[in-house]
Amino acid sequence: MTKNLVIVESPAKAKTIENFLGKDFVVKSCFGHVRDLAKKDLGVDIENGFIPQYIITPDKKKVISDLKKIAKDAEMIWLASDEDREGEAIAWHLVEALGLNEIETKRIVFHEITKPAILEAIENPRKIDKNLVDAQQARRVLDRLVGFELSPLLWKKIKPSLSAGRVQSVAVRLIVEREEEIKGFAVTSAYRVLAEFIINKDNKQILLSAELNKRFKEKQEAIAFLEKCKSADFSIEDIETKPSKKSPAPPFTTSTLQQEASRKLGFSVANTMRVAQQLYESGKITYMRTDSVNLSKFALNLAEEVITESFGPQYVKTRQYTTRTKGAQEAHEAIRPTYMNNRTAEGDHSQSRLYDLIWKRTIASQMSDALLEKTNVTINISNAPEKFIARGEVIKFDGFLKVYMESRDEEDDDNQEGLLPPLNVGETMIPREINAQEKFSQHPPRYTEASLVKKMEELGIGRPSTYAPTISTIQKREYVVKEDRDGMIRKYCQITLQGKTITEVIKTENTGFEKAKLFPTDIGNLVNNFLVQHFNNILDYNFTATVEEEFDEIAQGKIVWNQMIHDFYFPFHDQVEKTLEKSQKVSGEKLLGKDPATGENIFVRIGRYGPMVQKGDTDPENKPKFSSLKKGQSIDTITLEEALELFKLPRTLGVYEDEEVIVSTGRFGPYVKHKSAFYSLAKTDDPLEIMVDRAVELIQEKRKKEEEKTIREFPEKEGLKILNGRYGPYLTYQKQNFKIPKGKDPGKLTLEDCLKIIHESEPSKATRAKRRK
DNA sequence: CAGTGAGCGAGCTTCCGCTTGACTT
């Protein structure tokens, strides 16, 4: 018999807490939200004050029925979901779904999973905060209304299956607009002048590097300057030394973990979260979806011990960080090792690398500042007003740098500042070499997954639990693609003064190379332009921040949630209706030119299945020809020649076994079609060049493979086969596949065996609901 | 790397936030 039932959100948490609470408590988890708006139609009763229609989420039916059973016998029920808007709503939904008495049910909260924190929570139960629940309902209903009214509009005006929403559409907008900025960016260049000097001192030669405090726009200016240097005297005019310090970054939140794992380990956002989840489930780190930089007392003490022991007390500096992120809800701690004294974590390579990163970041956040000394040496040029500057930086005390240094998104090039030699004012020097090199201005950087998350967090858009899913959604919808792109060779000029001679050379560099960056697609551009044009208010970067303020007012009981939704919805709905009526279907259609062979018009536009070219006007009598754009082609950039190339397929190669052999290209690349069967071309085959002999070869190759694939057939039973598939041998019958039980030799199964397997197998969801991608 | 290869007369798609399993040969 259960005395006390405590319900938390995460099963890993449940296990830990049960250990703290003793035998009178059973701790179970509800796995997050248990109810949601009905999926059909809007799930909101607009006429009657926006009453939400909630259903128990299909995958939570079992969770709820299990919890009900335990709750029935429990004397007391404690709802311990997270202390934020969503957590409060989860508690309330549990009351509703489990049929609990709200008055008798206790609501408790804690920010850290430590024994004192849990016990304190148990001592201080409260009631469910209905205002906070209402704020969540407003959030949920607003997102549903926006998403489920805008998306169908896109299906009608652009293409089926598209989606729009408060979060994803703004994420796409960021990428589209960044690309436009880049397209409009005017590259300029200027000459940067670097010198290497020789100082003769105590019979030794000392080298000193310095940069001129001015860049020259024109080559002639640079040359004129170097001409002057030929006859100039150089001497130290001033030495300025000043102390400075660096402080460690705060411990990880979801967003900063994703950024650092991306920069330092090259992890995708989704990969980081997968690995972090594994570390969490095995008890090695605290919860990985958090916006808080707070560390528990327990963690602070342990960090101090570890640092003292490993590096000495002078490296300790206990710090409490405060969150400055917009809309942060701080229901958890920062992401940290559960026990800081575990320097490493067992597990696979990814797990131990990510753990190492988390360990270092957490420890560093509790260490002392690094003390530096920066030195600026000003070098006078006797016949010119410009000065050369040599910079040095010395670490006087390494502090937290001993373990960890945060990386930056853009690594600044060749600005290495190191130790300077001992120097005195008035000392003279001679230039060994002075270089004026043409440097180009850089366009704003394209987003990586992680830098997009950073930007979204700054705007208060999305939550720790949704960053990774949002990024995969906008890629799945094909609004953006993550790709590498080749750079281009660019020429630059370098002018060198050595001794008394000036030489000029043209060199080349590779520029614009991109690795795993986000690019908008044609569809992304089209959808974004449509939404920005008609729903500028929703796509506004401040929309979320504005509605969040209203959600806060609901949470404080200042305004009523469905009144707020009412005020938002009706003007918004009018906007949708008007756009539906007024605006034309958009396809981004462009006339590229005419086919020189037939004189027909060649168009490019978005079709039902994405970007495509069309030959001939749309005419029911004389149907035009279509072809999809190839990967890497875009409506924006495709040329007439490239478009014509696409119509060269399908080609009829000839006849084999009395049937035509046709080559074409489809979703999965080029293929040969023969007797309504398909044969993929090899990577080395060119569909425009391939001849019938090679096609026949491909057909025969695949037929042979097919034969080998079949382990056994049964003449008595049509369609029953034992095949060798990707996951090993399996049974197939009437379009259904069946697993062969372990320990059976697939080659020796009798017909009876097979029928038995088919009979005994679960009536599985035979047809896979969704195809991947 | 098993199957897939549209351009539609039918029916479906879609939001954001919480949480983890999945078994499919």
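Lettering follows sequence order; numbering is per chain, from 1. Please read these numbers as outputs of a predicted model, since none were measured by experiment.
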With respect to the phosphate group of [N], does any side-chain polar atom (N or O) of [X] fall under 4.0 Å of OP1 or OP2?
X	N	result
A:Ser465	B:dC18	yes
A:Arg477	B:dT13	no
A:Ser10	B:dT20	yes
A:Arg274	B:dG21	no
A:Ser151	B:dT13	no
A:Tyr467	B:dG17	no
A:Arg289	B:dT19	yes
A:Arg463	B:dC18	yes
A:Arg166	B:dG17	yes
A:Arg35	B:dG17	no
A:Thr466	B:dG17	yes

Open item on the list: Could you go through A:Tyr671 and A:Tyr679, starting from their C-alpha distance and side-chain angles, then the distance that decides it, and tell me whether this counts as ring-ring contact (aromatic ring centres under 6.0 Å, His included)?
Closed with: CA-CA 5 Å; A:Tyr671 64 92; A:Tyr679 308 87; 9.6 Å; no
Would you indicate what [X] reaches in the nucleic acid, counting non-hydrogen atoms under 4.0 angstrom: base, sugar-phosphate, or nothing?
X	result
A:Gly462	sugar-phosphate
A:Gly165	sugar-phosphate
A:Glu149	nothing
A:Pro469	nothing
A:Lys39	base
A:Val146	nothing
A:Ala89	nothing
A:Arg144	base
A:Asp59	nothing
A:Tyr280	sugar-phosphate
A:Leu162	sugar-phosphate

Review point. Hey, what's the ring geometry for A:His332 with A:Tyr287, parallel, tilted or perpendicular (30° and 60° as the breaks)?
Key: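 Judged by the thresholds at 30° and 60°, the geometry between A:His332 and A:Tyr287 is tilted.
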| query | Do side-chain atoms of A:Asp84 reach the backbone of A:Ala331 as a donor and acceptor pair under 3.5 angstrom? | reply |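 Here the side-chain-to-backbone pair does not exist.
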Rounded distance (Å) that lies between atom [atom2] of [N] and atom [atom1] of [X]:
X	N	atom1	atom2	answer
A:Met456	B:dC16	CE	C1'	11 Å
A:Gln614	B:dG7	CD	P	14 Å
A:Glu88	B:dC18	CD	P	14 Å
A:Met288	B:dG17	CE	C1'	14 Å
A:Leu79	B:dT19	CG	C1'	16 Å
A:Arg85	B:dC16	CZ	P	14 Å
A:Arg139	B:dG17	CZ	C1'	5 Å
A:Tyr479	B:dC15	OH	P	8 Å

- Has the side chain of A:Ser163 got a donor or acceptor that lies under 3.5 Å from a partner of the other kind on the base of B:dT14?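 Checked by distance alone, the answer is no.
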Please identify which of these residues, A:Arg289, A:Arg107, A:Lys13, A:Arg463, meets the salt bridge (Lys or Arg N to Asp or Glu O under 4.0 Å) condition with A:Asp82.
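The single option meeting the salt bridge (Lys or Arg N to Asp or Glu O under 4.0 Å) with A:Asp82 is A:Lys13.
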Say we look at [N] and [M]: how far apart would their [atom1] atoms be, to the nearest angstrom?
N	M	atom1	result
B:dA2	B:dT24	C1'	11 Å
B:dG11	B:dA6	C1'	15 Å
B:dG5	B:dC1	C1'	15 Å

Among [options], the nucleotide that comes nearest once only the side chain of [X] is considered:
X	options	value
A:Phe678	B:dG5, B:dT13, B:dT20	B:dG5
A:Tyr671	B:dC16, B:dC18, B:dG5	B:dG5
A:Pro160	B:dA6, B:dT13, B:dC18	B:dT13
A:Glu9	B:dC16, B:dT19, B:dG5	B:dT19
A:Asp84	B:dT20, B:dC15, B:dC18	B:dC18

Taking side-chain contact (heavy atoms from CB on, under 4.5 Å) as the criterion, tell me which of A:Val141, A:Leu142, A:Asp143 meets it with A:Arg139.
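Only one option passes, and that is A:Asp143.
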Is there ring stacking between [X] and [N], where the centres must be under 5.5 angstrom apart and the planes under 30 degrees?
X	N	value
A:Phe626	B:dG7	no
A:Phe31	B:dT20	no
A:Phe148	B:dT14	yes

Closest nucleotide of DNA chain B for A:Glu281 versus for A:Lys60: which of these residues is on the 5' side?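 Per heavy-atom nearest nucleotide, the more 5' residue is A:Lys60.
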Toward the 5' end of DNA chain B, by each residue's nearest nucleotide, A:Gln277 or A:Trp155:
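The answer here is A:Trp155.
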| A:Arg173 to A:Tyr541 six-membered ring, cation-pi geometry met (6.0 Å, 45°) |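 Here A:Arg173 passes the 6.0 Å and 45° test against A:Tyr541.
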> Can A:Asp41 and A:Gln53 be counted as having a side-chain donor-acceptor contact under 3.5 angstrom?
Replying inline: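 Side chains of A:Asp41 and A:Gln53: no pair found under 3.5 Å.
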Q.
Hydrogens and angles aside, do A:Thr57 and A:Arg35 bring a side-chain donor and acceptor to less than 3.5 Å of each other?
A.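 Looking only at side-chain atoms, A:Arg35 and A:Thr57 do not form any donor-acceptor pair under 3.5 Å.
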*If anything within 90° of 0 is syn and all else is anti, what is B:dG17?*
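With its glycosidic angle more than 90° from zero, B:dG17 counts as anti.
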**Message:** Looking at A:Lys15, I'd like to know if its NZ atom is crowded, meaning that more than 12 non-hydrogen atoms belonging to other residues, nucleotides or ligands lie closer than 6.0 Å.
**Reply:**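 Not more than 12 within 6.0 Å, no.
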